[in-house]
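Notes for the one structure printed next.
All figures in this text were calculated on a predicted structure; none of them were measured in a lab. Position 1 is the first residue of the sequence, and the numbers go up from there.
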Amino acid sequence: MKEVTFEADKKISRKGQNISQFYIVLSGGAILKNPNDEDRIFMSGDFIDPLSLVTFNSSGDVYAVGKTVLLCGSKEEIVAFMKKHPKVLHHAIIRIIESLSYHLNRNEEINNSVEELLAHLTAKRQFFIDKYPPLIIGEKPLYRKAVSLLRKGDYDGAIAYLESYLSQFANSPLERPVRMFLALAEISREGNDRAIELMLKLLKEAPDYVSKYVHEMLRALGLKESAFVVTFGTPNYSEDFLRYIQDQYSNKLRIIENEMVIFENGTIADAIYFVISGEIRLVKKRENGFLKLKEITKGESFGEIHTLCAGKWDVTAVANKGSKIVVLDKDTFLNTAIKKNPEAGLVLMDYLLNFQKELLHF
């Protein structure tokens, strides 16, 4: 690692620039400017543009504020430095949480209902043909008929045509929009479990226009933070860290004598849950039943994003009989994961950054 100096107003990186060197402010400061986002200031001890650690692209134009001295290194060098200096790691995680909270609140303002989204997407029928051009004669009529039926509210008819399309043209580019419309049709007729399965599979594939609209579909169902957990899993903490949690916080261990709801959708998120044994089931209540989302099992945790961003639970959690769960509040968790176990802090940072990347559809 080395120190580099930038004079006042000197550009450090430009928006979208592919980067392999990362910076921590030693003195002076830096400002990140993005026309599509709020400006961000980084001062002494801050890691500049944390999101770049997982995108390897600058999130905006970065300029020096006054004469600025930066510590420069590769991703591996910067990560090793933060592991040795938990205070820098703590600063980085707090800045990430601030950015996540900002974007989550902004997205909250633009959510559509399922009905509004259905009307919007079916009106874009030709858009998807243009973006995902079919390969074989016969695809377009079948696709158009299915979307037309969906727009009219004939969900069973739309599903029949969409399934017929998939059985005949499984390798076509247009197949991705077809699966998206199939998920939307299933949601509309309350085929919740199948809809979730279709959407999550689409999200695990390459990001594109379809995945962008699948995110909107999940938000229309009232899923934000949990959509990421269901799709990408829970943080991959080491066994040593999980053993430390269990040993150090035995006074915070809860033993579930009978199956019970441990938190409800819509209530304030105020803790992180570590499953020592047993299982926590995540479900989403809807008018005609439940969306079964995911099971959190032994060695996994849940609630980092919800609680650190001071949000509300977007799911209901049910703990199985006999489960053992350690429950930590925000401050205890951060202190444990950063100051006492910086390796776990790095896992947490990477997890939060990947959520931010997904939230912004990189």
Side chains of [X] and [Y], heavy atoms from C-beta outward: is any pair under 4.5 Å?
X    : Y    : value
V25  : I48  : yes
F169 : L135 : no
M217 : M180 : yes
E300 : V275 : no
L162 : L142 : no

Ring-plane angle category for [X] and [Y], please: parallel below 30°, perpendicular beyond 60°, tilted otherwise.
X    : Y    : answer
F241 : Y237 : tilted
F274 : F333 : tilted
Y209 : F127 : perpendicular
H120 : Y213 : tilted
F263 : Y273 : tilted

Ion pair [X]/[Y], N-O distance below 4.0 Å:
X    : Y    : answer
D270 : K330 : no
K10  : E7   : no
E225 : K312 : no
R176 : E205 : yes
K321 : E257 : no
D61  : R14  : no
E216 : K212 : yes
E98  : R40  : no
R194 : E163 : yes

Open item on the list: Given L184, which partner from the list L198, L118, V214 fulfils the side-chain contact (heavy atoms from CB on, under 4.5 Å) test?
Closed with: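 So the option named by the test is L118.
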Task: Option from L359, V54, T55 for which side-chain contact (heavy atoms from CB on, under 4.5 Å) with N354 holds - done: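 The side-chain contact (heavy atoms from CB on, under 4.5 Å) with N354 is passed solely by V54 among L359, V54, T55.
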Open item on the list: On a heavy-atom basis, which atom in M349 and which in A92 lie closest, and how many Å separate them?
Closed with: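 Taking every non-hydrogen atom into account, SD-CB, 4.2 Å.
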- [ ] Please round to the nearest 0.5 Å and tell me the distance separating atom OG of S301 and atom CD1 of I280.
- [x]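 It comes to 9.5 Å.
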Task: L334 CG to I272 CD1 distance, which is reported to the nearest 0.5 Å - done: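 Nearest 0.5 Å value for the CG-CD1 distance: 7.0 Å.
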Task: Derivation and outcome, side-chain hydrogen bond (donor to acceptor under 3.5 Å, both in side chains), residues D208 and Y132 - done: CA-CA 11 Å; D208 60 0; Y132 302 85; 3.0 Å; yes
TODO: Flag yes if more than 12 heavy atoms outside N236 fall under 6.0 Å of its CG atom; otherwise flag no.
DONE: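 It does not: N236 CG has 12 such atoms or fewer within range.
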